[in-house]
Amino acid sequence: MIKWFLSFQWKTAVRSPMWNKNLVLNLVIGFFLLLFGFYILILGLFMEKILTEVFPESNIYDKFNGLLLYYFLADLMFRFMAQSLPKLTIESFLHLPIRKNQIVHFMVGRTVFDIFNFIPLLVLIPVTFTIVTPQLGSSLAVLWLIASFFLVLANSFLATFLKRLMGSKPLIIAGIGILFVILIVLEKFEIISLSVISSKLFGYMLAHPYMLGFPALWMIICYILHFRFLKMHLYPEEMQKKKSYEIEAGNENRYLKALGLTGSIIIVEWKLYTRNKRTKTILYMTPIFLLYGLMFYPKPEYINQYGFLMFVGVFMTGGMMLNYANYAFGYESGYFDGLLTKNIDFKQYIAVKYYISVLICVICFILTIPYLYFGVKILLINAAMFLYNIGVLSFVLLFFATYNKKKIDLSRGGAFNYQGIGAMNWLAVLPAFLLPVLIFIPFKLSGQPNWGIAFIGILGIIGLFFSRIFIGMITKNFFSRKYIMASSFREP
Amino acid sequence: MIAITNLTKVYNTQTVLNINQLTIAKGESFGLVGNNGAGKTTMFRCILDLIRPDSGAVSNQEENVAKGEKWKLVTGSYLDDGFLIDFLTPEEYFQFVADIYHLSEGDLATFYADFGDFFNKEVLGKKKLIRDLSSGNRQKIGIAAALMPNPEILVLDEPFNSLDPTTQIRLKNLLIKLNTEKGMTLLISSHDINHITDVCSRIVILHQGSIAHDLVVSSDTLNILEDYFSLR
């Protein structure tokens, strides 16, 4: 049976539609993963050097042990946030004569193959040679490596267990969270020092090699905890708590309703954003977009880099709109057929999408006004970029949105989720950031950067005057593309 | 009136639809049957201008459906879940549809009163999103929304699927009533040959995209259909 499970797992991975459909994107993601792994490996290889640099006086072996507890706690937290619960659609197995234990063993054991478990090895293996072997000798060093790996696995079982626990017993999770906060506070005020505890703990373990059994024991305990919990809750509805909404009827916004069709489209779009997981993640991320300026404005070396400031300006006043307009139709893939068959004036419909884009930009621009604190120049650049966003970029993005060709699954979280994103979506982002810079370069070279900024702003205003024509062009393209969009949205 | 002329649709060299001539008169109750892959949904999608045919055209009220949009005002349709906005509550969805067709609050109230029995207290006032409802209840919402603007033509793809027996019977009676009393043109596909012969006055059997039989319903039709499908 395990053989079957493994093959199913392999097939779900290999046959996932995203994997097959988007080679370029996979290459890009693969490249970044490799690059990331490479950096981690470099960190591992130079850990000894780094520690000797930072702590020239002390024993780096002790120091490294001192870091371990931090690492495992941080790792646990990170996994709890980021690691997704392994999904095995157990419904398809529960009714078959398969022993429950087998299903559960597989579900728990599978976390071993998670990529998060192998990244630490890129540090741990080099460190075994550079730091641990000189101190303990090679045979104990290997034991140390194995014990550390057990702790990594224990973390992986524990994190997934805690994550499942959150659904049914949120109080326990809250308790653990408070414990973490207390630890951090105690550490902050130097009442206890995790680094000393960690160093002592791991030092003691290694001084008494039989104690290296404890990581193994801890791992087994975590495994059993997860296993028992799953076995007791092996019902689909208990495993995946579906968040269902309670919607009170009848409190529609009267002002929006007065706008007629425009209002009802805005209402639907707003609900689309607030009631779906993927779009909600994007809403949560917006404040982070808006804080982007804080990374650059306070630093004097950036304040004269127009290119940077323009980039930041486009991003802050238009980043949110970019997400909206780029997937203007893809987000509606779930009910696109329904829209097409209804008596909707699509020119007005697309105009509404444009108005919403403008509205988003206006809100973002207003929220960036406090950056005036860093100088009038910042405000003027942001204003110019804002005009560019509403007068040029939003039209370009909506035009490219008619090339949306992938059904977007709104029920999955949005961070690092590339499902439903096609090459066109990436292409459409290019004018967002390249075009202003390209326009700006000649002005910069001729020594008139301020005129360049002004010109970009004026371009935006000119675009606004032609909005009817642009909307007409988008509508025309929408009609010639609608069959292709509809049929690709229908594909699962 | 709906007229189909020389309509073909080809996917990867396989012809899934090939209809030379088919006319559905105003007020007719037209049933479409055929095994899986016969082209029923493809035909309905062509009628609703959801796919571009490789040749031929469909006209609805003398208007080519791919060229104009006036036909949408008089045509109600529900093919599948892809017609519903699933993150809305049923009430919010009905409100949206009402807004699109410029119906008044009063029209909406009448609609709720008319469909109270049909929903059987399982759809309205539940504070639930459409995506959290069962497939039967979603089907009810889709059919009701198609009927909301009082269309002259109604297109439903396998409307009896996943409905409970009570609602199946109610839907059957409702369709017969709409056809005989209001003269609504019905285009309905189904795998249930009993229901379809009860509702429709004309039944077309599709086979591999082409019309295999075009029958006027009589007391004999059910037997003909049974014979036809038991040999397939």
Side-chain angles (χ1 to χ4, degrees), chain A residues 242-252 256-257 259-280 331-349 407 410-411 479-487 489-492, chain B residues 9 11 41-42 44-53 65-67 69-102 105 124-133 142 145-146 148-149 151 155 157:
Chain A
K242 249 175 95 185
K243 206 173 148 200
S244 58
Y245 286 75
E246 282 260 303
I247 308 292
E248 289 302 327
N251 45 9
E252 299 286 4
L256 281 176
K257 281 206 71 180
L259 292 173
L261 179 62
T262 307
S264 34
I265 294 173
I266 294 177
I267 290 174
V268 170
E269 300 258 0
W270 173 249
K271 284 171 185 163
L272 186 148
Y273 262 82
T274 51
R275 292 182 188 173
N276 288 299
K277 208 169 167 194
R278 178 147 177 177
T279 39
K280 256 199 299 196
Y331 279 155
E332 294 177 333
S333 50
Y335 52 95
F336 200 65
D337 276 354
L339 293 179
L340 288 185
T341 50
K342 298 222 162 38
N343 174 46
I344 294 176
D345 175 0
F346 279 98
K347 188 160 183 183
Q348 189 190 353
Y349 175 75
K407 186 183 177 74
L410 291 171
S411 62
F479 276 115
S480 72
R481 299 270 320 160
K482 69 173 184 179
Y483 301 105
I484 300 173
M485 278 199 273
S487 74
F489 291 162
R490 247 174 254 136
E491 280 169 26
Chain B
K9 182 70 193 174
Y11 286 116
T41 309
T42 309
F44 279 173
R45 283 195 178 132
C46 282
I47 291 175
L48 295 171
D49 189 38
L50 287 174
I51 49 184
R52 196 204 301 269
V65 291
K67 301 258 163 68
E69 295 203 81
K70 285 205 272 305
W71 58 271
K72 289 181 188 171
L73 261 178
V74 293
T75 310
S77 54
Y78 182 71
L79 300 191
D80 53 41
D81 270 9
F83 279 50
L84 299 174
I85 305 180
D86 65 356
F87 53 82
L88 300 181
T89 63
E91 285 91 342
E92 289 167 346
Y93 179 63
F94 290 136
Q95 180 68 58
F96 178 67
V97 176
D99 284 352
I100 287 175
Y101 285 94
H102 307 293
E105 296 277 322
L124 299 175
K126 290 285 179 202
K127 300 178 188 172
K128 270 189 179 175
L129 301 187
I130 294 177
R131 65 170 176 230
D132 296 326
L133 296 173
M148 185 197 278
V155 184
D157 193 19

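Lettering follows sequence order; numbering is per chain, from 1.
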Quick one: do A:Arg490 and B:Asp80 satisfy salt bridge (charged side-chain N to carboxylate O under 4.0 Å, His left out)? Show the steps, please.
-> CA-CA 10 Å; A:Arg490 247 174 254 136; B:Asp80 53 41; 5.9 Å; no
Have A:Tyr335 and B:Asp81 got a donor and an acceptor in their side chains that come within less than 3.5 Å?
-> no
Atom of B:Leu50, atom of A:Ala486 and distance for their closest heavy-atom approach | O-CB, 4.1 Å
B:Phe87 and A:Val268, any side-chain heavy atoms less than 4.5 Å apart = yes
Proximity breakdown for A:Leu339 and chain B, heavy-atom pairs closer than 4.5 Å | side chain
Test side chain to side chain contact (heavy atoms under 4.5 Å, CB included) on B:Arg131 and A:Asn276 and set out the steps.
-> CA-CA 11 Å; B:Arg131 65 170 176 230; A:Asn276 288 299; 2.8 Å; yes
Specify the closest pair of heavy atoms between A:Arg275 and B:Leu88, including all atoms of both residues, with the distance to one decimal.
-> NH1-CA, 3.6 Å
Do you know which two heavy atoms are closest between B:Ala66 and A:Tyr483, and how far apart they sit?
-> CB-OH, 3.6 Å
Any residue meeting side-chain hydrogen bond (donor to acceptor under 3.5 Å, both in side chains) with B:Tyr93, in chain and number order, not counting sequence neighbours | none
Could you pull out the closest heavy-atom pair between B:Tyr101 and A:Thr341, with the gap in Å?
-> OH-O, 4.1 Å
Steps toward side chain to side chain contact (heavy atoms under 4.5 Å, CB included) verdict (B:Arg45, A:Asp337) = CA-CA 9 Å; B:Arg45 283 195 178 132; A:Asp337 276 354; 4.2 Å; yes
Pairwise distance NZ(A:Lys271) to CD1(B:Ile85) - rounded to 0.5 angstrom | 10.0 Å
Could you have a look at A:Ile265, A:Asp345, A:Leu272, A:Leu261 and say which one has the most heavy-atom pairs with chain B under 4.5 angstrom?
-> A:Leu272
How many angstroms lie between CD1 in B:Ile51 and OG in A:Ser487, if you round to the nearest 0.5 Å?
-> 8.5 Å
Does any heavy atom of chain B fall under 4.5 Å from the side chain of A:Phe479, the backbone, both, or neither of them?
-> side chain
Proximal component of B:Val97, with respect to chain A [non-hydrogen, under 4.5 Å] | side chain
Got a sec, which residues hit salt bridge (charged side-chain N to carboxylate O under 4.0 Å, His left out) with B:Arg52, two or more places apart in sequence or on another chain?
-> none
4.5 Å side-chain heavy-atom contact, A:Asn343 and B:Glu69 = no
Contact summary for B:Lys72 and A:Leu340, nearest pair of heavy atoms = NZ-O, 2.7 Å
